[in-house]
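Heads up, the thing below is written out as C-alpha cells.
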Amino acid sequence: MTVITILYAILTMGALGALFSVGLSIASKKLSVEEDPRLIEIIDLLPGSNCGACGFAGCAAMAEAILKGDMEPSSCPVANSESIEKISKLLGLEVKEKVRNVAVVLCRGDRKNQKKKAEYIGVESCLAAHLVGGGERACNWGCIGFGDCVDVCPFDAIYMSPDGIPVVDRDKCTGCGKCVEACPRNIIELHPINRNVFVLCKNRDNPRLARSVCSAACISCGICERATGGEGFKVIDNLAVVDYEKYTKEPILPTDKCPTKCIVIVGDPEKEK
C-alpha cells in the first residue's frame, strides 16, 4: 500500500464524515419539535405518583393531555386543589373547584361480626379465595379479609384492623381507586369526602339469611326508609340505599333504631364540609 493510497483513503473518509455531519445538522433543524416549556411545569405540579388512576401510563402522559386540552386540570384524581388551581392559571383556564374523593369500605363484616363457614387453606388473596369458594367467612357479599386492597394502595392510606376489616385513612386517601379495582366483592367505593352517611353493607340476601351470616348486615327492615319518608333512603333488593341527591346535606343518621347499626357516620362532618 502506497502513501498516496493511504492519503486518498483518509481524505475520502474525512469528506464523507463532513458530508454526514452537514446532513445531520440540517435534519436536526428541519425535524426538531420545540417543546412547550409549560409541559415541564405541569409535570412538576402533578403528584408524580404515576399511579395510573387517570387512565394514562404516568403523570407525563397526563400532563401532555392537559396541555393539549384533551383533559381538564382537575382530571387527575389524586391532584390536590392547590395543584389544580396552579395548572389552570398556567393555562389561562377557569379554576374549577374539585371535591376530593375518598374510598369507603361498605362492610362491617370483620371476624367479630361475620360468621366463619370453613377453614381456608390456600393463597391468602381475596381474589383467589373469592374464586375458589369465597374464603372462610360466611357472607357471600362481604369482606374476605386478606387485604388485597391494602397491598395495592400506593399511598399507605388503607390498612387492616385487628379484626380483619379494611380501614381507610381519609387524610391520606387520594381517591385513586386502586383499592376499588382490587376488591373482588365490590365493597369499596369512591365518594366525595363531604359525604358522611353510609350503609356499611352490600348484602342483598333475604333478611333471615343476611342476619344469620353477619350481625352487622342490613336486614331490609325499612326503618330508615320510613324515618325519612322515602326521601334519602330506600330499600332496594333487600338492601338500604342512600340517595345522595337528597341526603348529602345532613350528616346525621336517619334513625337510631337501625337494629344492626349498619347505617353510620364515616369521617368527621365538621372537618370535611
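Atom NZ of Lys261 sits in a crowded spot, with more than 12 heavy atoms from other residues, nucleotides or ligands closer than 6.0 Å. The number of heavy atoms from other shown groups lying within 6.0 Å of CD1 (Ile121) does not exceed 12.
Connection of Leu91 to Leu39 is established within a shared hydrophobic cluster, with ILVMFWY side chains joined at heavy-atom distances below 4.5 Å, either directly or through further cluster members. Cluster membership check: Val264 shares its hydrophobic cluster with Val242, using side-chain heavy-atom separations under 4.5 Å among Ile, Leu, Val, Met, Phe, Trp and Tyr. Ile265 and Leu200 end up in the same hydrophobic cluster when Ile, Leu, Val, Met, Phe, Trp and Tyr side chains are linked at under 4.5 Å. Connection of Phe146 to Val150 is not established within any shared hydrophobic cluster, with ILVMFWY side chains joined at heavy-atom distances below 4.5 Å, either directly or through further cluster members. Ile187 and Val199 fall into different hydrophobic clusters, defined by Ile, Leu, Val, Met, Phe, Trp and Tyr side-chain heavy atoms under 4.5 Å apart, directly or through other members.
Counting heavy atoms from C-beta on, the side chains of Asp169 and Phe155 never come closer than 4.5 Å. Put simply, the side chain of Glu119 reaches to within 4.5 Å of the side chain of Lys116, judged on heavy atoms. Within the 4.5 Å cutoff, the side chain of Cys224 has no heavy atoms near those of the Cys258 side chain. Side-chain contact check for Ile263 versus Val197: some heavy-atom pair is nearer than 4.5 Å. A 4.5 Å side-chain heavy-atom check between Val78 and Cys51 finds at least one atom pair inside the cut-off. Side-chain contact between Cys221 and Pro259 is present, with at least one heavy-atom pair separated by less than 4.5 Å. The side-chain heavy atoms of Val104 and Val168, taken from C-beta on, include no pair separated by under 4.5 Å. A heavy-atom distance below 4.5 Å is not found between the side chains of Arg226 and Thr255.
When every heavy atom of Val167 is checked against every heavy atom of Ser161, the shortest pair comes out as CG2-CB, 3.9 Å. Scanning both residues, Cys149 and Cys179, for their nearest heavy atoms gives CB-CB, 3.8 Å. Across Ile66 and Glu72, no two heavy atoms sit closer than the pair CG1-O, 3.9 Å. Minimum interatomic distance between Ser75 and Met62 (heavy atoms only, all atoms of both residues): CB-CE, 3.3 Å. Closest non-hydrogen pair, Gly177 versus Leu190, comes out as CA-CD1, 4.0 Å. Shown here for Arg204 and Val241, the closest heavy-atom pair between the two residues is NH2-CG2, 4.5 Å.
One finds the CG atom of Asn203 at 8.5 Å from the SG atom of Cys218 (value rounded to the nearest 0.5 Å). Between the CG atom of Leu45 and the SG atom of Cys76 there is a distance of 11.0 Å, given to the nearest 0.5 Å. The OG atom of Ser215 sits 11.0 Å away from atom CD1 of Ile219, with the distance rounded to the nearest 0.5 Å. Rounding to the nearest 0.5 Å places SG of Cys153 at 6.5 Å from CD1 of Ile158. The structure places CG of Leu67 at 10.5 Å from CD of Glu41, a figure rounded to the nearest 0.5 Å. Atom SG of Cys139 and atom CZ of Arg108 lie 13.5 Å apart (nearest 0.5 Å).
Aromatic ring orientation, Tyr247 versus Phe233: perpendicular (interplanar angle above 60°, classes split at 30° and 60°). Tyr244 and Phe198 have tilted rings, their planes meeting at an angle from 30° to 60° on a 0 to 90° scale.
A side-chain donor-acceptor contact under 3.5 Å links Lys115 to the backbone of Ser212. Under a 3.5 Å cut-off, the side chain of Arg100 and the backbone N or O of Cys173 do form a donor-acceptor pair. Between the Ser220 side chain and the Pro207 main chain, no donor and acceptor come within less than 3.5 Å of each other.
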Next item on the list: Evaluate the criterion salt bridge (charged side-chain N to carboxylate O under 4.0 Å, His left out) for residue pair Arg38 and Asp36; output intermediate values, then yes/no.
Entry: CA-CA 5 Å; Arg38 295 177 299 175; Asp36 190 327; 2.8 Å; yes
Next item on the list: Give the intermediate values and the outcome of side-chain contact (heavy atoms from CB on, under 4.5 Å) for residues Ile188 and Val105.
Entry: CA-CA 5 Å; Ile188 306 177; Val105 180; 4.2 Å; yes
Notebook entry, point to check: How far apart are the C-alpha atoms of Met71 and Phe56, what are their side-chain angles, what is the distance that settles it, and do they pass the side-chain contact (heavy atoms from CB on, under 4.5 Å) test?
Noted result: CA-CA 11 Å; Met71 301 294 288; Phe56 291 90; 3.9 Å; yes
Next item on the list: Could you give me the CA-CA distance, side-chain angles and deciding distance for Asp148 and Arg185, then say whether salt bridge (charged side-chain N to carboxylate O under 4.0 Å, His left out) is met?
Entry: CA-CA 11 Å; Asp148 288 13; Arg185 291 281 174 83; over 6 Å; no
Checklist line | Val266 vs Arg170, side-chain contact (heavy atoms from CB on, under 4.5 Å): CA-CA, chis, key distance, verdict | finding: CA-CA 10 Å; Val266 176; Arg170 290 165 72 89; 3.5 Å; yes
Margin query: Using the rule given for side-chain contact (heavy atoms from CB on, under 4.5 Å), can you reason through Ile165 versus Asn113, listing the C-alpha separation, both sets of side-chain angles and the distance that settles it, and then say yes or no?
Written below: CA-CA 10 Å; Ile165 196 83; Asn113 293 330; over 6 Å; no
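Between Glu189 and Arg195, none of the side-chain N atoms (NZ, or NE/NH1/NH2) sits under 4.0 Å from a carboxylate O, so this pair counts as no salt bridge. Between Lys86 and Asp44 no salt bridge is recorded (no basic side-chain N to carboxylate O distance below 4.0 Å).
For the salt bridge (charged side-chain N to carboxylate O under 4.0 Å, His left out) condition, no pair includes a residue of residues 251-260, sequence neighbours left out.
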